[in-house]
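When reading the values below, keep in mind they use all heavy atoms of this one structure, side chains included, and skip hydrogens, waters and symmetry mates.
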Amino acid sequence: MKETWKNKGITIFFLFVIAVFTLVNLYEFLTKAEENGRLKGLGELGSINEAAITVWGGLQRFMGKELAFGSTVYEDVTRLNNGYFIMADHSPDYDAAVRGALGAQALADEIGAEFLYVQVPGKQRGEDLPEGVVCYSESKQEAVTEALLAEGVTVLDMGEVLRQSGEEWFSYFYHTDHHWNNDAAFLAYQNICAYMSENGSEIAEDLTDGQQYQRVLYEDVFLGTHGRMAGPWYTGLDDYELWLPEFPTSFSLEVASQGIHLEGDFEECFVHYENLACYSYDYYAYYAYLKEDYDCFEIVNHLRPEGPSAVIVRDSSAVPVSVFLATQCSELDILDLRYMEENNAMDYIREKNPDYIIYLFGTGYLGAENAIVMQ
């Protein structure tokens, strides 16, 4: 009798597993074809959305899937061969980036400013992709860099900088997120400062030394963009290392559209510790600096009146780079065209008349006119 119940139990277990796998794949089939997303996305399930994404991702991890269907039809998550995660870029278009940068170069020539285009690399490389997965980010960033160099634009190719650093490539990226980490961002800051110095600006060399920063590690607090799409049971969690200057700082920060005005040191103006309390689907540790993407940050450095002035036109890749660069600049304005309702960036820059216009973009927006072409 005991043997009979044991056999029945094994049978029931395997039938349950088969049923789960069948339902999961049926769900994927039905919702993958839905034009507006997967039953409007697991992210819209109200109060149970986080649990739904977490469990859904856990099931896909249990099934050993290299491609996890995320919480919307546009946000599938791919596990690379080394265990890092990406959302594959399926668009080869990069024309907007070239037009945007050439327009910015023309504006810089008009007002007598220097123009620098900074290309942030995607973390995935061709050899790291699972078989059958197509991702255009690597080819796009190479094509943009080549096209702009051919047009005489000054380009800082951060992919090449990272490759020449001597460090392992993936040490500059998060597991669960598409952004680079603060080690990579600081390298970008150092290279931008070197460019400014070459152009005659007064740069405080001691402030470009990473040893001048305290580094505070927060463990398992970062659920990156990929983690928020497929859940922590699929991607795991990241640590976050907060860099804090150990030298004196004093700033004013204003976001006029949001009614934000801050005065104080680096921490008081830039750091948001609430983003480091624990991992969350609603906010994440990458924005421990500056909190969110807004249309325009205006930052004045009260201790560096002799420093250069600059405007950064950017996507979120520039968040940590910007706060590091603010320690050198007399004034730094950070523009995000995605949030400028009238996209009047060119008039804004003419009024500010900075020493430098800097474009800094990752691969995700190279084809997005609303994010990278100034009007």
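Tyr234 pairs by the ring-ring contact (aromatic ring centres under 6.0 Å, His included) definition with Phe85, not counting sequence neighbours. Every residue meeting the side chain to side chain donor-acceptor pair (under 3.5 Å) condition with Lys140, not counting sequence neighbours, appears here in chain and number order: Asp89. Listed by chain and residue number, Leu67, Ile86, Ala88, Pro130, Val133 satisfy the side-chain contact (heavy atoms from CB on, under 4.5 Å) test with Thr78 (two or more places apart in sequence, or in another chain). For Tyr174, the ring-ring contact (aromatic ring centres under 6.0 Å, His included) criterion is met by Phe222, not counting sequence neighbours. With sequence neighbours excluded, no residue forms a ring-ring contact (aromatic ring centres under 6.0 Å, His included) with Tyr136.
Remark: side-chain polar atoms of Asp206 are not paired, donor with acceptor, to backbone N or O of Asp209 under 3.5 angstrom. Without hydrogens or angle criteria, Arg79 side chain to Lys65 main chain gives a donor-acceptor distance under 3.5 Å. The closest donor-acceptor contact from the side chain of Asn182 to the backbone of Ala185 lies at 3.5 Å or more, if one exists at all. The closest donor-acceptor contact from the side chain of Asp238 to the backbone of His175 lies under 3.5 Å. The backbone N or O of Gly126 sits less than 3.5 Å from a side-chain atom of Glu138, completing a donor-acceptor pair. Side chain of Thr249 to backbone of Phe266: a donor-acceptor contact under 3.5 angstrom is found. No donor-acceptor pair under 3.5 Å is formed between the side chain of Tyr117 and the backbone N or O of Leu148. Between the side chain of Gln141 and the backbone N or O of Gly122, at least one donor-acceptor pair lies under 3.5 Å. For Ser165 (side chain) and Leu162 (main-chain N/O), a donor-acceptor pair under 3.5 Å exists by modelled atom type. A distance-only check finds a donor-acceptor pair linking the side chain of Asp355 to the backbone of Ser309 [under 3.5 Å].
Within the 4.5 Å cutoff, the side chain of Leu290 has heavy atoms near those of the Phe297 side chain. Contact check for Trp233 versus Leu59: no side-chain heavy atoms found under the 4.5 Å cut-off. Contact check for Gln212 versus Leu207: no side-chain heavy atoms found under the 4.5 Å cut-off. Residues His226 and Tyr84 have side chains not in contact (no heavy-atom distance under 4.5 Å, counting atoms from C-beta outward). Annotation: side chain of Trp180 is in contact with side chain of Val321 (closest heavy-atom distance under 4.5 Å). Inter-residue side-chain proximity for Glu274 and Lys291 is flagged as met; some heavy-atom pair is nearer than 4.5 Å. Counting heavy atoms from C-beta on, the side chains of Asp183 and Ser171 never come closer than 4.5 Å. In this structure the side chain of Asp220 never reaches within 4.5 angstrom of the side chain of Tyr279, judged on heavy atoms.
When the side chains of ILVMFWY residues are joined at heavy-atom separations under 4.5 Å, either directly or via intervening members, Leu187 and Trp169 end up in a single hydrophobic cluster. No continuous path of hydrophobic side-chain contacts links Phe173 to Leu237 [ILVMFWY only; heavy atoms under 4.5 Å].
Residues Met158 and Pro121 approach most closely at CB-CD, 3.9 Å, considering heavy atoms. Between Tyr356 and Ser201, the shortest heavy-atom contact is OH-OG, 2.6 Å. Heavy atoms only, all atoms of each residue included: Gln211 and Glu246 are closest at O-OE1, 4.1 Å. In terms of heavy-atom proximity, Cys135 sits nearest to Leu129 at CB-CD1, 4.0 Å. Residues Ser322 and Ile312 come closest through the heavy atom pair OG-CD1, 3.7 Å. Closest non-hydrogen pair, Ala318 versus Tyr286, comes out as N-OH, 4.4 Å.
Each of Phe324, Tyr287, Phe251 was checked for a ring pair (Phe, Tyr, Trp, His ring centres under 6.0 Å) with Phe270, and the lone residue meeting it is Phe251. The residue from Ile192, Asn301, Thr208 that alone fulfils the side chain to side chain contact (heavy atoms under 4.5 Å, CB included) condition with Gln328 is Thr208.
Atom CD of Glu292 is separated from atom CD of Gln258 by 7.5 Å, given to the nearest 0.5 angstrom. Within the model, atoms CD1 of Ile349 and CD1 of Ile357 stand 4.5 Å from one another, a figure rounded to the nearest 0.5 Å. The CD atom of Glu205 sits 7.5 Å away from the SG atom of Cys193 when rounded to the nearest 0.5 Å. The line from CG of Asp157 to CD of Glu146 is 9.5 Å long, rounded to the nearest 0.5 Å. Here the CD atom belonging to Glu268 is positioned 9.0 Å from the OG atom belonging to Ser250, to the nearest 0.5 angstrom.
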| For Tyr281 and Thr54, what are the C-alpha separation, side-chain angles and deciding distance, and is it a side chain to side chain donor-acceptor pair (under 3.5 Å)? | CA-CA 10 Å; Tyr281 280 87; Thr54 298; 2.7 Å; yes

| task | Please lay out, stage by stage, how Tyr284 and Thr176 fare under the test side chain to side chain contact (heavy atoms under 4.5 Å, CB included). | result | CA-CA 11 Å; Tyr284 65 146; Thr176 72; over 6 Å; no

| query | Step by step, would you call Arg99 with Glu369 a side chain to side chain contact (heavy atoms under 4.5 Å, CB included)? | reply | CA-CA 9 Å; Arg99 288 189 290 111; Glu369 186 160 340; 3.1 Å; yes

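Within the structure, the salt bridge (charged side-chain N to carboxylate O under 4.0 Å, His left out) test picks out the following pairs touching residues 121-131 (sequence neighbours left out): Arg125-Glu127, Arg125-Asp128.
Phe247 has its ring centre less than 6.0 Å from the ring centre of Tyr213. Annotation: Tyr359 is in aromatic contact with Phe115 [ring centroid separation under 6.0 Å].
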